[in-house]
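Data block below; observations after.
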Protein chains: 2
Amino acid sequence: MPRGYAGLVDTPRDAAPSGGSVFYRPQRRSKTADGLSRERIVEACVALLDREGAAALTMRKVAAELDVHATSLYWHVERREDLVDLAVDAIFAGAAVAPAPHGPWTEAVRSAATAMYTALAAHPWAASFAGSRPLVGPNALELSRRILRGLESTGADVRQRAVAATAISNLVLGAAVTAASARALGLDRDTALTREVVAAATGAGVPSLPVLEWQPRFEDALAVLLEGVAARLGR
Amino acid sequence: MPRGYAGLVDTPRDAAPSGGSVFYRPQRRSKTADGLSRERIVEACVALLDREGAAALTMRKVAAELDVHATSLYWHVERREDLVDLAVDAIFAGAAVAPAPHGPWTEAVRSAATAMYTALAAHPWAASFAGSRPLVGPNALELSRRILRGLESTGADVRQRAVAATAISNLVLGAAVTAASARALGLDRDTALTREVVAAATGAGVPSLPVLEWQPRFEDALAVLLEGVAARLGR
DNA sequence: ACCTGAACACCGTTCAAGT
DNA sequence: ACCTGAACACCGTTCAAGT
């Protein structure tokens, strides 16, 4: 079950007190129904990012979105990076509560991995932050747990499951990062650069750009990886 | 063979003239032996990034590194993003010229993919830029071609090879991005957050942090994926 | 408790001016 | 051709002050 943004455990004292992740620091909770709140701020961030992209996430623009001064945000978060972490994890909220599908373990794993990819594909700015901020929010962790739980019914030992889970999350992230940065550079349009990149990366020409339909390509790649997992686990 | 930074082809006119990638724009070449040059600037960027990390890449700091004014850099590059693109591709220079190993196709593929990962692991700032700038420099493309060439001897058709190559590059990138952002957040130290993240992602505790030795974990994951590729290609 | 407003030390980039 | 220097429109963040 995904948890809220108040911290993963009750404000541990042994964690880095001021550095580290928002998810591991105590939250100042707002009392008033009007006024700002961490929830409203995160909502505004996501809206802004969806509309204008990763570069638009500035304290001043988020504040403007809420008709407030930039410095007011510092009552609710410690720094800009907190906004990044909170906004990124917010996009996984829906996927983290979706019920696990019935069927073989491959379906459970595929479902969790695809849900993660779909969320990242729907909000490309999130993938573009992944290089500087790891996906360790409660919702992202819940998705990791779902992948791992799917692998439990394979009968493989802990170490094999860990390797498989790592491979799967990394494939998801790599695919999302590739799609996000490619789109940002305009590689989804048919330019000479696009043709060169596609040729180098896939050996194919650009047949009306279908190779750049990222989602089906990700699903193909995931299927290959799952075949490797099945082979490795001996079933 | 990797090419220089002068552009992938001879200054094409159909590419986006001013936007897009440095690698696809004509380069102003410096004549004087002293003074600035794109090469010296890129060298300074890499040194600065290795020393101080991704956030240190500002026009002013790069300029200071070269005892020059920030505005002088604009004679040699069009914008800051060009520095990012050039510095990132520079770290692949060594890997792109290494001779391909003898042996089965898996060795050729594994060698190219591992070389790419190793370069990214040695310069974590490069992975942290991958979310906003795709790896489309000449050296990165050469590594992609090496992966693809390795897959040619499998006898699989073009489409199967493209899917496999995509999966492999995405795994490399995802693993590198994960390692880079985790390190930036301090997940390589044993904190409560580290323990929670490792448990969610691998199901294991933190046995003296060996799970965070990223390189062997990447190699395990790659092996699983290659097993899937082999299974899919029927050999 | 929560927000404002001024202030500080930065940014990337443009452009006229020098040589 | 190449670099300087001033200038502009931004940044994140701190902190005293208001209410």
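Just so you know, these numbers use all the heavy atoms, side chains as well, and skip hydrogens, waters and symmetry mates. Chain A is the first sequence line, chain B the second, and so forth, proteins listed ahead of strands; every chain is numbered from 1. Computed from a predicted model, the values in this text were never measured in an experiment.
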Both distances below 3.5 Å, Watson-Crick or wobble geometry, any strand: find the nucleotide opposite C/dC15.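 Pairing partner, where one exists within any strand: D/dG5.
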
When the distance from [atom1] of [X] to [atom2] of [N] is rounded to whole Å, what number comes out?
| X | N | atom1 | atom2 | value |
| --- | --- | --- | --- | --- |
| B/R79 | C/dT13 | CZ | C1' | 11 Å |
| A/K61 | D/dC11 | NZ | P | 5 Å |
| A/W75 | C/dG5 | CH2 | C1' | 17 Å |
| B/L66 | D/dC3 | CG | C1' | 13 Å |
| B/H69 | C/dG12 | NE2 | P | 16 Å |
| A/E81 | D/dC11 | CD | P | 17 Å |

Are [X] and [Y] close enough for a salt bridge, meaning some N to O gap below 4.0 Å?
| X | Y | result |
| --- | --- | --- |
| B/E65 | B/R40 | no |
| B/R25 | B/D82 | yes |
| B/R145 | A/E196 | yes |
| A/R146 | A/E142 | yes |

Can you see whether [X] engages [Y] through a side-chain donor-acceptor pair at a distance of less than 3.5 angstrom?
| X | Y | result |
| --- | --- | --- |
| A/T194 | A/T191 | yes |
| B/D50 | B/W125 | yes |
| B/R217 | A/T166 | yes |

If you assign A/R60 and A/V68 each to the DNA chain C nucleotide with the nearest heavy atom, which residue ends up on the more 5' nucleotide?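 So the residue in question is A/V68.
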
Do B/V136 and A/L187 come within less than 4.5 Å of each other through their side chains, counting heavy atoms only?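 B/V136 vs A/L187: side chains touch.
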
Using a cut-off of strictly less than 4.0 Å between a heavy atom of the residue and any atom of DNA chain C, enumerate the qualifying residues of residues 125-134 of chain B by number.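 Contacts with DNA chain C under 4.0 Å: none.
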
Strictly below 4.0 Å, heavy-atom distances to any atom of DNA chain C: list the hits from residues 48-59 of chain B, or just say none.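 Contacts with DNA chain C under 4.0 Å: B/L57, B/T58, B/M59.
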
What's the separation between atom CD1 in B/I41 and atom CG in B/L86, rounded to the nearest 0.5 Å?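 Those atoms lie 9.0 Å apart.
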
Just to verify, which of A/V42, A/L57, A/V77, A/L49 counts as forming a side-chain contact (heavy atoms from CB on, under 4.5 Å) with A/V62?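 The side-chain contact (heavy atoms from CB on, under 4.5 Å) with A/V62 is passed solely by A/L57 among A/V42, A/L57, A/V77, A/L49.
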
Between A/S72 and A/V68 (side chain of the first, backbone of the second, donor and acceptor by atom type, cut-off under 3.5 Å), is there such a pair?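 Side chain of A/S72 to backbone of A/V68, a donor-acceptor pair under 3.5 Å: no, none is there.
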
Treating primed atoms plus P, OP1 and OP2 as sugar-phosphate and everything else as base, which nucleotides of nucleotides 14-19 of chain D get B, S or - for protein heavy atoms under 4.0 Å? B-----

